[in-house]
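Taking it in order: structure first as structure tokens, then the write-up.
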Amino acid sequence: MLREAVDSALANVVLTPAEPDPQALSRRHWSLAAEMGWTAADIDEAHGGLGLGLAYIADICESAGRHLFCGPFAETAVLLPSVAREVETLSALLPGVAAGDVRVAYAEASIPDGSGGSVSFAPVEHALQATHLAVIEESGGELRVLITDLDGAEISPLQSMDLSVSVARVVLPDPSRCPPITLGAEATRRVLSAMHIAVGADLLGVGEAALARTVEHVSSRKQFGRPIGAFQALKHRLADVHTALRTARLALAHGVGDGATFQDTRAARTLAADAAMRATATAIQLHGGSGFSWELDLHLFLKRARRLNARTGGTNRLRASAGNDYIERTIAARA
Amino acid sequence: MLREAVDSALANVVLTPAEPDPQALSRRHWSLAAEMGWTAADIDEAHGGLGLGLAYIADICESAGRHLFCGPFAETAVLLPSVAREVETLSALLPGVAAGDVRVAYAEASIPDGSGGSVSFAPVEHALQATHLAVIEESGGELRVLITDLDGAEISPLQSMDLSVSVARVVLPDPSRCPPITLGAEATRRVLSAMHIAVGADLLGVGEAALARTVEHVSSRKQFGRPIGAFQALKHRLADVHTALRTARLALAHGVGDGATFQDTRAARTLAADAAMRATATAIQLHGGSGFSWELDLHLFLKRARRLNARTGGTNRLRASAGNDYIERTIAARA
Amino acid sequence: MTRGPGFLRETGDEAFRAGLRDWLAAALPVAAGDRLGTADLHGLAFRREWEDHLCRSGLSGLGWPEALGGHALSLTRQAIFHEECARAGTPLPVNMIGHGIVAPTLIDYGSADQKQRYLPRILSNSEIWCQGYSEPGAGSDLAALATRAERRDDVYVLNGQKIWTSFADIADRCLLLARTGGGESPRAGISVLLVDMRLPGITVRPIRQITGEADYNEVFFDDVEVPADCLLGEENGGWRIAMAAANYERSTYFVPRIVRMQAELDALVLLAAGTFRHGQRLIDDPAVRSTVTDLSLNVQALRLYADRILEMAEQGVPPGVDGSSVKLLWSENHQRLLDLAMDILGPDVVLGPQERSAPAEGRWNRDYLWTRAETILAGTSEIHRNIIAERGLGLPR
Amino acid sequence: MTRGPGFLRETGDEAFRAGLRDWLAAALPVAAGDRLGTADLHGLAFRREWEDHLCRSGLSGLGWPEALGGHALSLTRQAIFHEECARAGTPLPVNMIGHGIVAPTLIDYGSADQKQRYLPRILSNSEIWCQGYSEPGAGSDLAALATRAERRDDVYVLNGQKIWTSFADIADRCLLLARTGGGESPRAGISVLLVDMRLPGITVRPIRQITGEADYNEVFFDDVEVPADCLLGEENGGWRIAMAAANYERSTYFVPRIVRMQAELDALVLLAAGTFRHGQRLIDDPAVRSTVTDLSLNVQALRLYADRILEMAEQGVPPGVDGSSVKLLWSENHQRLLDLAMDILGPDVVLGPQERSAPAEGRWNRDYLWTRAETILAGTSEIHRNIIAERGLGLPR
């Protein structure tokens, strides 16, 4: 299994709050990703890639979440190739992506039409490590995407909540150099599907790691003379976390399969985000005092889950659009 | 305390699934209500009442809920007097209400403007015991109320889910005899406030009874060698039911106090409805197999809570209007 | 072997499905007549009639070996069969215990004589079975079983009481667990008996439940003399058989239930879209919409569980804690679905479950009440959460 | 007694409130200067400054007897004081343990000498106190206390470790629980010591938490010699004092927190009303609206709990399990409120809690992280649910 290979590669390069140097770690993670061919996984062979497809990407991203991978993996190795499949001109970047030389910073923001003057984006994730920037704006079922190199960009670091990612303000001096691309509804769904799987799998990994740490903790920590994991209320909460993660895993596996629809990938990401939020919050609660201490790495998972959960409007919005689609389809089928 | 007096009066006249004769019980309950002066509680002395006010009504209604009172108490002794306070012509009915001679059937339905022909309402609660009918229709913050005697009405029984109430279809042969009354926004709020307290208190009583039965059951029933009430997951569920009911009780107590607003009574009813739904559903679950058996009286509480919860659009609607008011007020205060 | 309609002999699963679908579309309206689209379609009378019709048409023994008169269909095809029946809106079977549990148990553990005695009458639906597991003191705790069967000469003398026994009031036979040995462990002394329900000393008392109907029974055994050749497997070897029996249905249990749940949700959406209250279409009420959304995501997820369990079963792997997760998700979401139905019905919730003038002839109200039982029967939600925590996550007992 | 502003001597509660409100409205902007409206208003520096200012203005010892320099205000007035401070947006106090817990404990249990030694310096805010209760092995389980104080001549020799000790890094003194006896029951051998934090052998190690700040400390005691006259009450009689100490603050604890929570919710509504995303005002997003609605109902209900507890306390009645219900409701809804804030902030949630360019200078992000601790500290939610079930409902242990 690929997942085990990725896991074992990442297991020795871990972010710890005691050594909180995500920048240095990011460099090490990135060389690993390039060496192991992860950055080439979703790129076809014609562009220097391996053409392994979404199931491989999901495995890599899940491990990335589990090991708090520091670097713009999904943005570079999934988002950029998926946009490039729609916009031929971007495919020139793909060999660089495959080789690990391109790293893409990411922001969701409204994209000005760029007639004159510089334009500023904040917060931008991964900008301190990046060679390129992708800004996406979604509305009415269509994506506008701005992709540019960062030559001449002014990058000022901001404090990041999630230690596994750097955050910055990016000022582009001449945005007219890179006019935004508008993707049609079909193309938008294909691009978003790929990101739903990548982000959903990362969230699943985050949630699984939080659950595993919690099971270990409650099995050894004693209170009132018993391991606290023997208390039924804790058991039931963890059972529900397990079921939520298991459900997300089934949905992701289905979402990378043949014939999976946009609805399937969106549902998978929604379930994964909910499961990860629940797993990480439960982990903090059941660790008691140590759960919110900086020394333990638990909070890193909560913060990563929170960051990823905020993307493209958060699960509220993903969920609502899933519901709208189902309701409209059902009413239309009857009419 | 009035509540204890009402409780002890009702304790001997109880609906049991083994003797499911709500009609007969309703007659006995109603004579009790008249004898004890409960039907006169919310009517001023000038109209033959006791003028005791809403706090007394809340106590009576809570006991009514706890003991599955069979009869249109809130509809007759709270709704009718509160409408009569707004519409002078109705006050002729009040001495009859106080004396226990008037009993009001209840429906929420759209009220036709009654130019010609008979009009039919279904389902109507309590119609088999009633002398009068009240139909209410709420929209845009105003109430339309149709109040009429049932002389000449055609009443056909329907099966009722809740054994503590009869349900029927009522056909009024000549609705032009009783044109609907439209209450203004202020009057609507006063009338609804009174019903919020009465129905909220009934729901609180229902929830308290369900909780009490459940605590008793889980303390005695053993499984795996321990009383099931010693299992922590059950404890925590019941603790949450307790807190929900306690919260509803505080809100109702506040809602009948001086200076309580329409918002306060609506909040109290919303909290009581939620608490009762939760208490009765939990009661069934924690009783296991016996919880859904007809022989035990638990299901009667679930069904009563479900019936009362459906009134005026259900808690979803009460909750949403509470939220809208708060949000609009907050935004307006800033503007 | 050419018993039954031709689709049974299709080589591809999808062709099997298509043929079955056509067969059902033709057969159900003919059998149902003017009961179609009414609550009578789901009444006990037509349930039996329809099941008899299926068996007469050769649609029984789906998974049995051909040598025993079966069709030797794969689990996947059996699941397709149940799925398409659910999709076509056929009524629930009556002899589900006979077909789903007793028959495979007999096939695996019965003597040649027992197979010959019982299986043909299941195939033809001429004997209805029930299953005597739960007892008043042993709900989720089977090891606490107290019904005793004492061997005297060539009979077992049976004394005790069973509860929550579906179909006992109409059943001809019962697959029953009784204690026959002292046993070091509580599980050791249990045996399985195949009991004729017409034997003297058996009393059946229907248990009326929250819906007003009686879907369950108490069964009392008072010195009932069961012939010794009705012992299934070995004396005191019943625990293993009981565990195996509980597993046969698992792989196909949820598929039809989930299909029905999706159909109910679709129907609710249409009901809410057609209901105006307080000047608003109910489907536009944010609370309704939000619950519908959650439920639709969860029903989709449930389908994935069901498919996964089936896939594992085809490979001979038991569902493990996924079985508990799917039971929880199904029963708790089904409750939420019917809670939502009550919100949508509004004032009509006061109508009783047998009130034919209610929306859908009272089925929403009936199902609302019935779903209260689904988180209790077949392992309470509490038990399943314990199982997930202890067996799935390895938390201490 | 004429110490302090005139409103202290108003006869009516509402006149007291009005006077206090005016006083705060005048005093806070002067004291705060250009920190007003910025995160600096809530930084440690100004927190101390403001608390000193209150004490210099005579606004300390609110509930103390007049003989000890206090104002002998009723609990209701003390609650009004905290409520109006919260409403005015004053920063949190630093010596809250000194004023809120240690002072009333000393007044009830201290010797004349101890009162004279410690109380004036609390009144003037010249000594900051902390409280040494929790230990690594005894979080919610105080009876498992392991820190030992051994009497040798005229000192107690203190050895052990405390954890989650707020303000230990800046405190002058510590109200500390230690084991002095063998004791039949685990509660019997506990004593209370009043420990000078500058004694040799004391090491304070700040605990950095999820926000990156260090609000708590570990405190290590290594052969610390505490003078015997620092024993509060009787040797081995500390359990009762500790229980009493925990009660002093209860009646006024929640009022200011709930006022702040309402203000946060109001601010969130305005934030959501001013945020457009994906073509929609966020306050019109049904999920946002629904959570806001729940929270507003719950904050109203919390206020009723707080008022009720205060009313009971005025009559000398402890809050009982209402104390647990209010703690649960407050902490769990506060978490939901900050979860909602994160949903509303959207992409800005990636900014750190000390990032001044974040909305509200990072306070939403900081508070989001901080609320994770609120369901754990002062009794985990699990402990409070146990208390309600066992003490409130009488369920078996």
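As the structure is a prediction and not an experimental result, all values here were calculated from the model. Residue numbers begin at 1 in each chain, while the letters A, B, ... track the order of the sequences.
Surrounding CZ of C:R281 are more than 12 heavy atoms belonging to other residues, nucleotides or ligands, all under 6.0 Å away. Around CZ of B:R226, the count of heavy atoms belonging to other residues, nucleotides or ligands within 6.0 Å exceeds 12. The number of heavy atoms from other shown groups lying within 6.0 Å of CD (B:Q23) is above 12.
Proximity to chain B is absent for every atom of C:L282, based on heavy atoms less than 4.5 angstrom apart. Only the side chain of C:S357 comes within less than 4.5 Å of a heavy atom of chain B; its backbone N, CA, C and O stay farther away. With a threshold of 4.5 angstrom between heavy atoms, B:T312 approaches chain C through N, CA, C or O but not through any side-chain atom. For chain B, the nearby parts of C:S381 are the backbone and the side chain; heavy atoms of each come within less than 4.5 Å. For a residue to count as touching a neighbouring chain, one of its non-hydrogen atoms must lie under 4.5 Å from one of that chain's; by this rule B:L296 does not touch chain C. Looking at B:K303, the atoms closer than 4.5 Å to chain C (heavy atoms on both sides) all sit in the side chain, from C-beta outward. With a 4.5 Å cut-off on non-hydrogen atoms, B:S290 touches chain C through its backbone but not through its side chain. For B:E137, no part sits under 4.5 Å from any heavy atom of chain C, backbone or side chain. With a 4.5 Å cut-off on non-hydrogen atoms, C:N386 does not touch chain B at all.
The pair C:R372-C:D339 meets the salt-bridge criterion, since a charged nitrogen lies less than 4.0 angstrom from a carboxylate oxygen. Under a 4.0 Å N-O distance rule, the pair C:E264/C:R363 does not qualify as a salt bridge. Under a 4.0 Å N-O distance rule, the pair C:K327/C:E374 does not qualify as a salt bridge.
Partners of B:H299 by ring-ring contact (aromatic ring centres under 6.0 Å, His included), not counting sequence neighbours, listed by chain and number: B:W294. In this view, C:R336 and C:T291, C:D294, C:L295, C:N298, C:N333 satisfy the side chain to side chain contact (heavy atoms under 4.5 Å, CB included) rule, not counting sequence neighbours.
Interface remark: of the candidates B:M161, B:H287, B:R169, B:M161 forms the most heavy-atom pairs closer than 4.5 Å to chain C. For the set B:E108, B:K222, B:E138, the count of heavy-atom pairs under 4.5 angstrom toward chain C peaks at B:E138. Most heavy-atom pairs under 4.5 Å with chain C: of the set B:G313, B:G314, B:A310, B:G288, this distinction falls to B:G288. For the options C:A214, C:P353, C:G362, C:A358, heavy-atom pairs under 4.5 Å to chain B are most numerous at C:P353. Of the residues considered (C:D285, C:L369, C:D348, C:I207), C:L369 shows the highest number of contacts with chain B, using heavy-atom pairs under 4.5 Å.
The side-chain tip of C:R366 does not point at the ring of C:Y368 from less than 6.0 angstrom away and within 45° of straight on.
The stretch residues 275-285 of chain B places B:M277, B:I284, B:Q285 near chain C, each with some heavy atom under 4.5 Å from a heavy atom of that chain. Contacts between residues 227-239 of chain B and chain C, defined by a heavy-atom separation under 4.5 Å, are made by B:L234, B:R237.
C:I376 contributes atom CD1, which lies 10.5 Å from atom OG1 of C:T371 (distance to the nearest 0.5 angstrom). In this structure, CG on C:L302 lies 10.0 Å from CH2 on C:W330, to the nearest 0.5 angstrom. In this structure, CE on B:M195 lies 4.5 Å from CG on B:L79, to the nearest 0.5 angstrom.
B:V171 places none of its side-chain heavy atoms less than 4.5 Å from the side chain of B:V119.
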Practice task
Take C:E135 and C:T147 through the side chain to side chain donor-acceptor pair (under 3.5 Å) test and state the conclusion after the steps.
Solution key: CA-CA 8 Å; C:E135 299 186 1; C:T147 295; 2.8 Å; yes
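Between the side chains of B:S160 and B:D162, not a single donor N or O lies within less than 3.5 Å of an accepting N or O.
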